[in-house]
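All remarks here apply to the structure that follows.
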Amino acid sequence: LLLYLGVVKDFEPLLLVPIGFGTILVNVPFAGMGSVHGLLGIIFKYGIENELLPLIVFIGIGALSDFGPLLASPRVAILGAAAQFGVFGTLLGVVALNALPGFSFTIKEACSIAIIGGADGPTSIYVAAKFAPHLMGSIAVAAYSYMALVPLIQPPIMRLLTTPAERRIVMRQVRPVSKLEKAVFPLLVLVLCALFLPSALPLMGCFAFGNFIKESGVIERISKTLQNELMNIATIFLGLGVGMQMAADKFMQINTLGILLLGLLAFSLGTAGGVLFAKLMNVFCKKNPVNPLIGSAGVSAFPMAARVSNKLGLEADPHNF
């Protein structure tokens, strides 16, 4: 199913093809691909369990990101915060599940599952490794599967919550952003993170490092390597490692299936939260309205959610990028 969605339906094949192959390989009897000395077992132990691959991916994401539009209009950062409604809504949902027979999640397990709503695979793996390592495989599978299925999950919610007129709103960049601003921004993020949230520094430090390399403009070769070769290699191994966690004996359990359902809820709530908050912003910013479609990109499914927002905007108006 994952290979079909990735190849035939073109739903994020970069993620779904490695995950799908990893799933097949780990479930072949007697091959030992998921054992301690098997290829997938080695990838998982030395790339995912110790959080190396998620951190490398964050360096690549930093090198791919252009913060010009955000710096020109900082108010849109609020949409990223609004989309985290999926995290908190799911946290309450996980706690509520404990009332049903067969479910008994601790608060740390609930937090780890809820992070799926942030739609960020590396962060989901990072938090699960700290709070609920025994659930990391299921959480990683749910997070990456739903990230890859963004083109399937988000559009119906976005269409339901917006009118055709809202989807046609043309946004203008408020002001030009200088090269200096773009270069200073990752350094500022790094300093603030070091002062106020040092526990997040591994992820945000890697992110700032990749973005600074891109925006400094003096090491183009390294910037291109981070955006392409390094990111692609990390994605291949990350996908295989996530697929390795879909061994039938681990995966076909009620807790895992519950996590998958809760992950879908988290994604849906996050998408809806971002779109609805953009509509609320427009009540107060009528002179320069925000297209509510970009609210769904407040979830961190980078860059899939942004592509979906753009695609739906182009459907409404072929000239509105």
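Values in this document were obtained by computation on a predicted structure and should not be read as measured data. This chain uses plain numbering: 1 for the first residue, then up along the sequence. As a basis for the values below, the full set of heavy atoms in this structure was taken, side chains included, without hydrogen atoms, waters or symmetry mates.
You'll find the side chain of T271 reaches within 4.5 Å of the side chain of M158, heavy atoms only. In this structure the side chain of P13 never reaches within 4.5 angstrom of the side chain of V7, judged on heavy atoms. Within the 4.5 Å cutoff, the side chain of V299 has heavy atoms near those of the Q154 side chain. Considering only heavy atoms from C-beta on, S199 stays 4.5 Å or farther from K130 through its side chain. With a 4.5 Å cut-off on side-chain heavy atoms, E166 and N291 do not count as touching. Within the 4.5 Å cutoff, the side chain of N310 has no heavy atoms near those of the L293 side chain. L3 has its side chain within reach of V17: a pair of non-hydrogen atoms, C-beta onward, lies under 4.5 Å apart.
Screening residues 200-221 for salt bridge (Lys or Arg N to Asp or Glu O under 4.0 Å) gives no qualifying pairs among residues at least two apart or on separate chains. Counting only residues at least two apart or on different chains, no salt bridge (Lys or Arg N to Asp or Glu O under 4.0 Å) pair has a member in residues 85-107. Screening residues 196-216 for ring pair (Phe, Tyr, Trp, His ring centres under 6.0 Å), with sequence neighbours left out, gives F67-F207.
Under a 4.5 Å side-chain heavy-atom criterion applied to ILVMFWY residues, the cluster that includes L180 comprises V184 as well.
The side-chain hydrogen bond (donor to acceptor under 3.5 Å, both in side chains) check on K9 picks up nothing, with sequence neighbours excluded. Remark: L92 engages no residue in a side chain to side chain contact (heavy atoms under 4.5 Å, CB included) (not counting sequence neighbours). Remark: E181 engages R175, S178 in a side-chain hydrogen bond (donor to acceptor under 3.5 Å, both in side chains) (not counting sequence neighbours). The side-chain hydrogen bond (donor to acceptor under 3.5 Å, both in side chains) test applied to D66 returns K182, not counting sequence neighbours. Checked against side-chain hydrogen bond (donor to acceptor under 3.5 Å, both in side chains), T162 has the following partners two or more places apart in sequence or in another chain: R167. With sequence neighbours excluded, no residue forms a ring-ring contact (aromatic ring centres under 6.0 Å, His included) with F237.
Going from atom CG of L276 over to atom OG of S296 covers 11.5 Å, rounded to the nearest 0.5 Å. The OG1 atom of T123 sits 12.0 Å away from the CD1 atom of I116 when rounded to the nearest 0.5 Å.
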Contacts table for residues 45-55: side-chain donor-acceptor under 3.5 angstrom, sequence neighbours left out:
{"unit_1": "N50", "atom_1": "OD1", "unit_2": "L52", "atom_2": "N", "d": "3.1"}
{"unit_1": "N50", "atom_1": "ND2", "unit_2": "Y46", "atom_2": "O", "d": "3.1"}

Contacts table for residues 18-39: side-chain donor-acceptor under 3.5 angstrom, sequence neighbours left out:
{"unit_1": "T23", "atom_1": "OG1", "unit_2": "I19", "atom_2": "O", "d": "2.8"}
{"unit_1": "N27", "atom_1": "OD1", "unit_2": "A248", "atom_2": "N", "d": "2.8"}
{"unit_1": "N27", "atom_1": "ND2", "unit_2": "T23", "atom_2": "O", "d": "2.7"}
{"unit_1": "N27", "atom_1": "ND2", "unit_2": "M246", "atom_2": "O", "d": "3.1"}
{"unit_1": "S35", "atom_1": "OG", "unit_2": "G32", "atom_2": "O", "d": "2.8"}
{"unit_1": "S35", "atom_1": "OG", "unit_2": "G38", "atom_2": "N", "d": "3.2"}

